[in-house]
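Throughout, numbering of the chain's residues begins at 1 and tracks the sequence. FYI, side chains are in, hydrogens and waters are out, and symmetry mates aren't considered; it's all heavy atoms of this structure.
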Amino acid sequence: MPELDASSSMVQDIWVDHPRGRLFTRVWTPADTETGALPADPIVLLHDSLGCVELWRDFPAELCAATGRRVIAYDRLGFGRSDPRNDTLNLDFIADEARSYFAAVRRHYGFTGFIILGHSVGGGMAVNCAAQFPDDCKAVITIAAQAFLEDRTVEGILTAKEQFKDDKQVDRLRKYHGDKARWVLDAWTETWLAPAFSDWSLHPVLPKVNCPLLAIHGLHDEYGSTRHPELIGELSSGPAQVEIIPDTFHMPHREKPETIVTLVADFIAALP
């Protein structure tokens, strides 16, 4: 049975079947939702390169409480509590997440309209979800998303790769990903540092985004300058709002949770 958490939302863990393995999902539902009635457009969260459902921490419950909407988060295949994978990520994996895995979650929950929110690489995936389902995506929100590879992005990943040579740092990942931790790390560093990935960008996808867009970015993000949210806002075809958060790095929703929840809730409340 769903449990009531501190933010007065009901929380339920649900497995979603996919041809390549099961996906772990968690849904937060406002406690005051009438029986049999659900808000039409849930907010779906897409995690970063080392993330999972658990690493969103209190953010989904706070978002649920602030917006009065269902919030759904899932572990991508190979991450968190989802089934493992042993392959190397295809260089098209950001777009493929929208076509394959997000689509499976959407079918399972049976929603048509949705709001998509992604952090870091999840932001790029969110943009692709909006482009893939233009008639159904009501809004897209990116937090610390990359729009292309710049020197700062590569340097940040190289620095992290060096730090993770210390097995104690990998142990931090094992807490959330178990035996999949090394695969998760390599899927991030080896994919993004591959020469064939150097030309990747969101440039071809962003003009296909017609819904309202909110791009949030920390001023001191170690994986990307403010040029990323600026480009996301400039190249999308719908109305765009860009918010640069001062004194903030790559985790705005953890560093300044109240600020980010308020920004997102106000943006959603103003949707047509």
Run the numbers on Phe102 and Phe114 for side-chain contact (heavy atoms from CB on, under 4.5 Å), then give the verdict. CA-CA 11 Å; Phe102 169 75; Phe114 62 90; 3.7 Å; yes
Report the C-alpha separation of Thr248 and His220 in whole Å, then their side-chain angles, then the decisive distance to 0.1 Å, and conclude whether the side-chain contact (heavy atoms from CB on, under 4.5 Å) test is met. CA-CA 6 Å; Thr248 308; His220 305 298; over 6 Å; no
Which of these passes side chain to side chain donor-acceptor pair (under 3.5 Å) with Ser225: Glu150, His217, Arg152? Glu150
Tell me if a side-chain donor or acceptor on Thr29 pairs with a main-chain N or O of Arg70 at a distance below 3.5 Å. no
Answer yes or no: is there a donor N or O on one side and an acceptor on the other, between the side chain of Ser82 and the main chain of Phe24, under 3.5 Å? yes
Salt-bridged, Asp136 to Arg106, with N to O below 4.0 Å? yes
Counting distance only, does the side-chain N/O of Thr153 pair as donor-acceptor with the main-chain N or O of Leu149 below 3.5 Å? no
State whether Asp92 and Arg99 are salt-bridged, where the test is any N-O pair (Lys NZ or Arg NE/NH1/NH2 against Asp/Glu carboxylate O) under 4.0 Å. yes
Under 3.5 Å, is there a donor-acceptor pair linking the side chains of Thr88 and Glu190? no
Determine, using the 4.5 Å side-chain heavy-atom cutoff (strictly less than), whether Leu45 and Val11 are members of one ILVMFWY cluster. yes
Polar side-chain atom of His228 near backbone of Ala147 as donor-acceptor pair, under 3.5 Å: yes
Value rounded to 0.5 Å, distance of CD1 in Ile245 from OG1 in Thr226: 12.0 Å
No-hydrogen, no-angle side-chain donor-acceptor test under 3.5 Å, His18 and Ser100: yes
Test Trp192 against every option in Phe148, Tyr223, Trp200 by the ring pair (Phe, Tyr, Trp, His ring centres under 6.0 Å) rule and name the one that passes. Trp200
Hey, is Asp87 close enough to Arg20 for a salt bridge, meaning N to O under 4.0 Å? yes
Ile244 and Pro229, any side-chain heavy atoms less than 4.5 Å apart: yes
Please say which of Arg26, His177, Lys175 ends up in a side chain to side chain donor-acceptor pair (under 3.5 Å) with Glu54. Arg26
Show your reasoning for whether salt bridge (Lys or Arg N to Asp or Glu O under 4.0 Å) applies to Lys168 and Asp171. CA-CA 5 Å; Lys168 291 180 181 178; Asp171 282 340; over 6 Å; no
Identify whether the distance between the nearest side-chain nitrogen and carboxylate oxygen of Glu234 and Arg227 falls below 4.0 Å. yes
When hydrophobic residues are tied together by side-chain contacts of less than 4.5 Å, even through go-betweens, does Trp188 share a cluster with Val170? yes
Spacing of Leu77 atom CG and Lys180 atom NZ [to the nearest 0.5 Å]: 9.0 Å
Can you confirm whether Lys256 is buried at NZ, in the sense that more than 12 heavy atoms of other residues, nucleotides or ligands lie under 6.0 Å from that atom? yes
So Tyr176 and Arg81, side-chain contact (heavy atoms from CB on, under 4.5 Å) or not? Walk me through it. CA-CA 8 Å; Tyr176 299 100; Arg81 293 168 62 181; over 6 Å; no
Ile72 vs Trp28 side-chain heavy atoms within contact, under 4.5 Å: no
Are the side chains of Thr25 and Trp15 in contact, using a 4.5 Å heavy-atom criterion? no
Could you walk me through whether Glu162 and Leu158 pass side-chain contact (heavy atoms from CB on, under 4.5 Å), step by step? CA-CA 6 Å; Glu162 186 68 25; Leu158 285 170; over 6 Å; no
Please test Arg22 against Asp75 for salt bridge (Lys or Arg N to Asp or Glu O under 4.0 Å), starting from the C-alpha separation and ending with a verdict. CA-CA 10 Å; Arg22 294 192 311 163; Asp75 291 339; over 6 Å; no
Distance-only, no hydrogens or angles: does the Ser120 side chain make a donor-acceptor pair with backbone N or O of Ala145 under 3.5 Å? no
Asp221 CG to Ile216 CD1 distance, which is reported to the nearest 0.5 Å: 12.5 Å
Check whether any side-chain heavy atom of Arg69 lies under 4.5 Å from a side-chain heavy atom of Asp41, and answer yes or no. yes
Salt bridge check, Asp166 against Arg172: does any charged N sit closer than 4.0 Å to a carboxylate O? no
How long is the gap from CG on Leu185 to CD on Gln169, to the nearest 0.5 Å? 10.5 Å
Nearest-0.5 Å distance that lies between atom CD1 in Ile141 and atom CG in Leu213: 8.5 Å
Does His119 have its ring centroid less than 6.0 Å away from the ring centroid of His253? yes
Between the CG atom in Leu206 and the CG atom in Leu235, the distance rounded to the nearest 0.5 Å is 5.5 Å
Full working for side chain to side chain donor-acceptor pair (under 3.5 Å) between His250 and Glu255: CA-CA 9 Å; His250 191 58; Glu255 298 168 56; over 6 Å; no
Between Trp183 and Phe79, does the ring centroid distance fall short of 6.0 Å? yes
Does the ring centre of Tyr109 sit less than 6.0 Å away from the ring centre of Tyr74? no
Are more than 12 heavy atoms, taken from residues, nucleotides or ligands other than Asp179, located less than 6.0 Å from that residue's CG atom? no
